[in-house]
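Positions are given from 1 along the sequence.
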Amino acid sequence: MKFGLITLIWTAVLITLQTRARPLSRRSTSTLLLNGLGYQPNGDGEVTISIEAFAHLGSKPRGSFTHFLTSIFHKFHADVDNVGDHVATAMKRLDLFLAIGVPLDKMELTINGCDKNTVNLPRTGFKNLGVVTATEMVGKCRSSLPTAKIDSSETVTIYSSPPHGLGIISDIDDTIKNTSVLEPEKMFENTAYKDPVPIAGMPELYASLSKSLTVQSIPPQFIYLSGSPFELFPFLSSFLKTHFSASLGPLFLQSLSITDPEEIVKSLGDGKSGQGKIDYKVGQIKRLYGFYPQKGFLTIGDSGEKDPEVYGKAYNEFGGHFIRCIWIHVLDDRKADNSDKRFEEAFKGVPADRIRKFHTSEIPSLQKIDVAAGKCN
């Protein structure tokens, strides 16, 4: 997400925590479990899962945050008659930004559909307060979609895929979801309280890709890679389930802890260069390369932020077998840098026939491209 939204949220959170702090012993602990990814490191059917969890105090101080959001809505000229409803929606969506992580928490993961029924995750750490990312072997799985749960957490899906085949690495904001990241007021509205709207034609395109990229009965592995903070997981996960039910997959989000300012600054990058965003996403793609070195991926993003630079760098680092095609949604926004110079620099070293830039009106025509046969245009 953009600096403005993160700044607003964290300012409100810090104010709330300072004015409403209560002893930790009075609150119960809850867990947010993000959906996971399954892979076969040895190609023998034995599955290893990668999964992330966030342990936090169950009750959250909300009074000051509600006040802050109300003032923001008035500042952004939101519909005055519906400010109360907007604030209620925003409180629900942004609720996890108020969550206080619990370090050194021990969590047992219950798995349904694999040989191993339970896995003890490493204790949560101090640096990313309450967050743990783990890879655990679970044996052979009876389904490509086993599920996992921790105590009172929601049951989540583990999207498992064999070593071979194809996949899609997709951005979310302004690639498949109308967020308007280049316009802070609209971005706040679209994130905080407005109903999320998919980019026209993208649900149909992804449903089509789920079929056309199935190779030797292996469906493509969809992976959603976003710079948004993991506190938005429930909101973004619901959006995907509602609009992209035919192309679901794990959702990779950033861990931005209010107790770890260094990570926040790093994620925002150094000014307009956005190097922090580039490094984060390329780092996640490197993880995926470690999971699926034999797969080939179609990467899809937009020109609003740094997707061209991310995918161009990933192509040069991991090769054309892994990054098969790069599709970029060219935003019709005067603030978007759609210049030839920008794209030439971003895609230096990438063959022109591996790149497709498209406008919203061209999205339906992308279904005709035979990516499975090596075509990108």
pair Val156-Leu34: side-chain heavy atoms closer than 4.5 Å: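 No; the side chains remain at least 4.5 Å from each other.
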Measure from the side-chain N and O atoms of [X] to the backbone N and O of [Y], and report whether any donor-acceptor pair falls under 3.5 Å.
{"X": "Glu362", "Y": "His359", "answer": "yes"}
{"X": "Arg354", "Y": "Arg324", "answer": "yes"}
{"X": "Asn112", "Y": "Pro146", "answer": "no"}
{"X": "Thr179", "Y": "Val181", "answer": "no"}
{"X": "Asp174", "Y": "Ser180", "answer": "yes"}
{"X": "Asn316", "Y": "Lys348", "answer": "yes"}

Distance-only side-chain donor-acceptor flag, Ser255 / Tyr280, under 3.5 Å: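 Result is no, nothing qualifies.
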Pair Asp279, Gln275: side-chain N/O donor-acceptor within cut-off below 3.5 Å: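 Yes.
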Distance under 6.0 Å and angle within 45° of ring axis: Lys286 vs Phe318: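 Lys286 over Phe318 ring: no.
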Residue that, paired with Asp171, satisfies side-chain hydrogen bond (donor to acceptor under 3.5 Å, both in side chains) out of Lys177, His329, Lys306, Lys281: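 Running side-chain hydrogen bond (donor to acceptor under 3.5 Å, both in side chains) over Lys177, His329, Lys306, Lys281 with Asp171 returns exactly one hit, Lys281.
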Residue pair Asn35 / Pro250: nearest heavy atoms and the distance that separates them: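 Smallest heavy-atom distance, with atoms named: OD1-CA, 3.5 Å.
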Parallel, tilted or perpendicular: rings of Phe244 and Phe239 (30°, 60°):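 Aromatic pair Phe239/Phe244 classed tilted.
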Worked check of salt bridge (Lys or Arg N to Asp or Glu O under 4.0 Å) between Glu136 and Lys116: CA-CA 10 Å; Glu136 300 287 343; Lys116 208 168 184 179; 5.4 Å; no
